[in-house]
Structure formats: structure tokens, C-alpha cells
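Scope of the values below: all heavy atoms of this structure, side chains included, with no hydrogens, waters or symmetry mates.
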2 protein chains.
Amino acid sequence: MLDDLKTILEQKGIIPSYHRIKIYEYLVNNKDHPTADIIYTDMIKQIPTLSKTTIYNTLKTLSGKGLISSITIEDNEVRFDPDTGLHGHFKCLRCGNLYDIELCSTLKNGLSECINSLEMEHRITDSQVYFKGICKKCRT
Amino acid sequence: MLDDLKTILEQKGIIPSYHRIKIYEYLVNNKDHPTADIIYTDMIKQIPTLSKTTIYNTLKTLSGKGLISSITIEDNEVRFDPDTGLHGHFKCLRCGNLYDIELCSTLKNGLSECINSLEMEHRITDSQVYFKGICKKCRT
DNA sequence: ATCATTGCAAACACTTTGCATACGC
DNA sequence: GCGTATGCAAAGTGTTTGCAATGAT
């Protein structure tokens, strides 16, 4: 498992240091879109020497190489997602949870269509769809 | 013009103070999605007594009442848009400009469809679509 | 006179930076 | 031994908060 991740990092041209592998592993195992702070607070239990700077460095490296995507919905927090495939997000304004949303095919088609027409003028590298509201659990 | 804006504020239950009207007016006249800081830097030329706190207070009040929408794409800046209708945004990663994007009808339909299905479980109050890339001017 | 808005300064949270140290090949 | 990753502390940025002053009715 760790070796697999190591290989993935190498393939992307990232030197697979111990910390980088572990942080990437954490993300793959925790798909609830943690913030840098959550990752730090969690991981320091296992790796007490880990510093927040390393977290930030690594997250920047990983997302720079396209291994993870960064999600900005609320202003005051960036979240990270190891799933870089096309999908949407839903943020509950009450509990703060961030859910992955499977986009319906019409929406996916619409996105491609829209991107195609935008590509006439601009170069598009990324697209995001997100929703806000109150989640199932919080509706009461 | 100012009277119109005043009326709009009143209709939303916002006490139409001079500063609030002026800030709202600024947003209506500057649809390039300014940040709080840009608004402040610009407006202080006309209203030297204006403070940043008032900008923040007013922006929060206006967006809380649904008069403007706040756009979070990059982590370190919130931008404000007086156009609350359904449309997308495109952020140029090079020059930082934020463009309004007209969404194609397939995409709009896909959004409604997706929201409808989400509404089975959650309550959806807001949706956003945005793109990132390099804009026409920056492509060279 | 009362109540809400305003403005300053300090506090805050998150992230980045500079630089010295430690690690791995 | 060299080059890169790491870690600490400090600086930076954008935003919020507490509280006193101001303003409007």
C-alpha cells in the first residue's frame, strides 16, 4: 500500500519522502476533505515530529502536481481531496460537513459544453461545482 | 439612482445609511467582483472617513440579506458580486481577473436537475460553478 | 434619549517566508 | 558531500471583535 503510493508520487516527479507518503496516505484514507489543520492535528498523534510547515509544503507540492485537488468554498478554509475526478461538493452551512456529490450526466455534459465554448477564448484548466445548504442530518 | 438603491435596501430591511448606500452603489457600478480591500482603497478617495470595518460590516449585511453574493474561489480572497442571478465565474490564474460566465442551457438544466435530486435529502440554498485557467489576454 | 452605525486598534486564524538543521542517496 | 526536505519562529494577510464615539430620528 505504502509502496503503491510511493510509486504514484515518483511517477509524478515528486521525491517520495517519508512524510510526503504519509500525508498522501492520510488523504487517501480520509476522504472527508480535511483542512491542513485537521491533517496536522490528526497526524501529529502518529508522527510527533511532524510540523505544520511540512503539511503546507506537501499539500502545495501534491496539488501542484495534480495528485490532489484543493477545494475552496468557504473563505477561511481550504480543503483537500485526493479524488481529482469530476465531481461536485455540497457544504452544510450548519454542521460544516463537506459531502462529495455525484454530478448527473446532464450537468457533466453541460460542463463539457461550457468548457468547450470557453476554450475558444481562454484556456481552462479546472472547473468546480458546489452547493450550499443544510444537510440531511441537520434538517431535523 | 441613489434613491433607487436606498429603496432596495429598505425593502430588504436594511437601514439605508449613507455608507451602505454608497458601498452598494459602488458594487452595482463595479461588476468586476472587487474584494473588500479593493472597495476600500477605491472608495476612500471619495469618502476619506470611511473605515474598513464599515466595508466588512456592510458587505456582511448585504450578502446576509441576499442583495449581493460572495464568491470564494481562491482561498485568500472573498469577492463580491451584486448580480445574484445564476451565472458562473472564470478566474485567470495569471492576472487574477474574475470574469462572469454565461452558463449554457445544458449546464443550467443540469444544475436544476442535480439540485432537484439533492433536495430529496438535503436543503440546497446556493450553487456555484466556476472555472480556472488562463484568460484570453494572458495566453499571449 | 435611544438605538444603530461607525471607526479605531487590537486580536485572530490561517498561511507563507527565511534560514538553519537534518536527512537520504 | 550535496541537494533537498524539514522545522522553527517570525512575518504577512485578510478578517473579526470589543468598545467608545458618533449620528439619526
Using a strict cut-off of less than 4.0 Å between a Lys/Arg side-chain nitrogen and an Asp/Glu carboxylate oxygen, indicate whether [X] and [Y] qualify as a salt bridge.
| X | Y | result |
| --- | --- | --- |
| B:Glu77 | B:Lys91 | yes |
| B:Glu10 | B:Lys12 | no |
| B:Asp32 | B:Arg79 | no |

Nearest of [options] to any side-chain atom of [X]?
| X | options | value |
| --- | --- | --- |
| A:Leu50 | C:dT6, D:dG7, D:dT17 | D:dG7 |
| A:Thr49 | C:dT5, D:dG7, D:dT16 | D:dG7 |
| A:Thr53 | D:dA9, D:dT17, C:dT5 | D:dA9 |
| B:Val78 | D:dT15, C:dG7, D:dG7 | D:dT15 |

Original post:
According to the interplanar angle, ranging from 0 to 90°, do the rings of B:His122 and A:Tyr99 count as parallel (below 30°), tilted (30 to 60°) or perpendicular (above 60°)?
Top reply: tilted
Using a cut-off of less than 4.0 Å, is there contact between a side-chain N or O of [X] and OP1 or OP2 of [N]?
| X | N | value |
| --- | --- | --- |
| A:His19 | C:dC23 | no |
| A:Thr54 | D:dA5 | no |
| B:Ser17 | C:dT6 | yes |
| A:Tyr56 | C:dT16 | no |
| A:Thr35 | C:dC14 | no |

Whole-Å distance separating the [atom1] atom of [X] from the [atom2] atom of [N]:
| X | N | atom1 | atom2 | answer |
| --- | --- | --- | --- | --- |
| A:Tyr18 | C:dG24 | OH | C1' | 15 Å |
| B:Glu10 | D:dT25 | CD | P | 10 Å |
| A:Arg20 | C:dC23 | CZ | C1' | 13 Å |

Original post:
What about B:Ser51: does its side chain form a donor-acceptor pair under 3.5 Å with the base of C:dC8?
Top reply: no
Subject >> 5'-to-3' dot-bracket of DNA chain C (Watson-Crick, G-U; under 3.5 angstrom; crossing pairs as [ ]; | other strand) >> reply: |||||||||||||||||||||||||
Subject >> Test side chain to side chain donor-acceptor pair (under 3.5 Å) applied to B:Tyr40 - qualifying residues, sequence neighbours left out >> reply: none
Original post:
Ignoring hydrogens and geometry, is there a side-chain-to-backbone donor-acceptor pair from B:Thr125 to A:Lys132 under 3.5 Å?
Top reply: yes
**OP:** Looking only at non-hydrogen atoms, find the nearest pair between A:Cys92 and A:Cys135 and report the distance.
**Re:** SG-N, 3.4 Å
